[in-house]
Trainee: 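Sending over a structure as structure tokens; questions will come in a sec.
Quantities reported herein were computed from a predicted structural model and do not represent experimental measurements. Residue numbers start from 1 in every chain, and the chains themselves are labelled A, B, ... in the order their sequence lines are given, proteins ahead of strands. Values below: every heavy atom of this structure, side chains too, minus hydrogens, waters and symmetry copies.
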Amino acid sequence: MESARADEVGSSSPSGSGVSSSQLTEDAAFRIDDRCPKQVSPMRGGGSRNTSPLSRAGSRNTSPSRQKVIKTKPRGLDEETAATFSKIVHPDVQMEDNIWAMLPEDLLNEILARVPPFMIFRLRSVCRRWNSILQDSSFLKFHSQVPSHGPCLLTFWKNSQTPQCSVFSLPLKTWYRIPFNFLPPWAFWLIGSSGGLVCFSGLDGLAFKTLVCNPLTQTWRTLPSMHYNQQRQLIMVVDRTDRSFKVIATSDIYGDKSLPTEVYDSKLDIWSLHQIMPAVNLCSSKMAFCDSTLYLETLSPLGLMLFRLDRGLWEHIPAKFPRSLLDGYLVAGTQKRLFLVGRIGLYSTLQSMRIWELDHGKNTWVEISRMPPKYFRALFRLSAERFECFGQDNLICFTSWNQGKGLIYDVDKKVWSWIAGCALQVCKVSP
Amino acid sequence: MASSRKITLRSSDGESFEVEEAVAVESQTIKHMIEDDCADNAIPLPNVTSKILAKVIEYCKKHVDASKAEDRVNDEDLKAWDAAFIKVDQVDQATLFDLILAANYLNIKSLLDLTCQTVADMIKGNLFPVRNEWLNFTFSIANRELVLVCLTEWVAHRRLFCS
């Protein structure tokens, strides 16, 4: 582990890593106080060269009579936008089973009402004698009325043999760790998640397999093999009203486009065959699903490739993409909303990250937001920085693993928030 | 202005506590007893031991003092006092348990909130413990498989449809 880390650090920017590791120790110590810590900019000390074209332009345009305040604060995250998310739940005292088992049920409900609903399912690991209460139908009925908890960011960390899962609850602004050692070892690639279920695929020997799991209840189901059981592009979608899920398989990852699209329905537990995707040049294999439709970007013909789930048919709609678009991530929103996310600008100093929304009537992309330049610089120190962009329910998440940071944009509230705290946590104690 | 009448409370183990009426009526149960004119002598509290009653009185006194006009205590400071009052190494789990039962019996909503929230936080800590040890922040991810991220929303169900 130690040596592996040194190698990895070596491959990333040396100055950045040196600063960040000391920065981490400060933060860790600070968090033990259980106060909401200020997000200290990792830029401090290193990389504080101001190469921002905007400030350069600003100083050029400032007339001599107008005094311009020179900011000496380090570039990066300033305090007002700093860590809105940083609380950590501390591993507390061990609950004494013999004491809490005696708690009358009405008081137990008082306590459980204050526990986030998505944790209710794990209560039996806290107090064994509460297990019988959890089976009680009136208790379950009470808790099934509880509304959805809200969006959570899941991070899965594969550290040699021990898989780990950390959950960031956006409503609670807190990191939690979930034991995640119940999956078969072949489940390696994360396909995606929806409605609290997570889909993994992998190779069991030579056989390509897919499973869907619920990290909270620690249950999973391996899906039957597809008709054309090769390693294919997959997407999982949950129907929350129906309490079922579907998995859609399109072309195989090596580009064999002759495969019929297959759809798995959890209610029937079978894969059904549908139309083969027409031959088009895809921008990427990244897909987004909303309004019972699967979307993919196409280069030629330029536009979007759609798979209508109810009809099992593909169609192409021409749509012009913004000029000088460097990447194009499709992110599904609520109902029919579809977003396009990517960088504009070929030259690193003039790049900006923008978000567009599809106007379904006109088949055009309308710009709805831009990442503030200071966040862009904080997230992407180098223009070719590797990042991930994904989202759902009108939230768009950016993660830059070289920086170890996450940034979330709420489309409805038009708010950018940082996810502080490292997603990669070492937990030596197994719960 | 609250009257400065003194009320005597008697714990289950026979100990008497004299408190100001304003403090005693933080408990709705005691308040009703006084209103029903049962408070001529000491009010017996057969469900509360002296140890617990002392702590409850300490809590109520602080909260009554905090709301007095001249000496208005900052909300933040009161919250900090509450946190210190209930801190788990100050109050062992058996005492916390007894405090919940007492707060419920005596019908002191704010104390019930505080104690139940404390237990809820303990539960959370037990379910999903997070250590303050961090991997190197800039562990650069060579391939996507190492750290995988997705966004999800847990929907409450009676039977989650995975099993």
Trainee: So do the side chains of P104(A) and L101(B) get within less than 4.5 Å of each other, counting heavy atoms only?
Mentor: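 A side-chain contact under 4.5 Å exists here.
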Trainee: Which residues in residues 9-19 of chain B have any heavy atom lying under 4.5 Å from a heavy atom of chain A?
Mentor: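 Residues of residues 9-19 of chain B touching chain A at under 4.5 Å: none.
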Trainee: Taking it one step at a time, do Q93(B) and W100(A) satisfy side chain to side chain contact (heavy atoms under 4.5 Å, CB included)?
Mentor: CA-CA 9 Å; Q93(B) 288 184 47; W100(A) 298 107; 2.8 Å; yes
Trainee: Are more than 12 heavy atoms from other residues, nucleotides or ligands located less than 6.0 Å from atom NZ of K109(B)?
Mentor: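 Atom NZ in K109(B) is not packed in, count stays at 12 or less.
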Trainee: Quick one: closest heavy-atom pair of L103(A) and F97(B), and the distance?
Mentor: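 Result for this residue pair: CD1-CE1, 3.5 Å.
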Trainee: If you round to the nearest 0.5 Å, how far is CG of L108(A) from SG of C116(B)?
Mentor: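 Spacing of SG (C116(B)) from CG (L108(A)) equals 9.5 Å.
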Trainee: Going by heavy atoms in the side chains, are L112(B) and L107(A) under 4.5 Å from each other?
Mentor: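 Of all side-chain heavy-atom pairs linking L107(A) with L112(B), at least one is under 4.5 Å.
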Trainee: Rounded at 0.5 Å granularity, tell me how far CD in Q117(B) sits from CD in E110(A).
Mentor: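 Those atoms lie 11.0 Å apart.
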Trainee: Start with the C-alpha gap between I99(A) and L96(B), add the side-chain angles, then the distance that decides, and say whether side chain to side chain contact (heavy atoms under 4.5 Å, CB included) holds.
Mentor: CA-CA 10 Å; I99(A) 296 175; L96(B) 183 57; over 6 Å; no
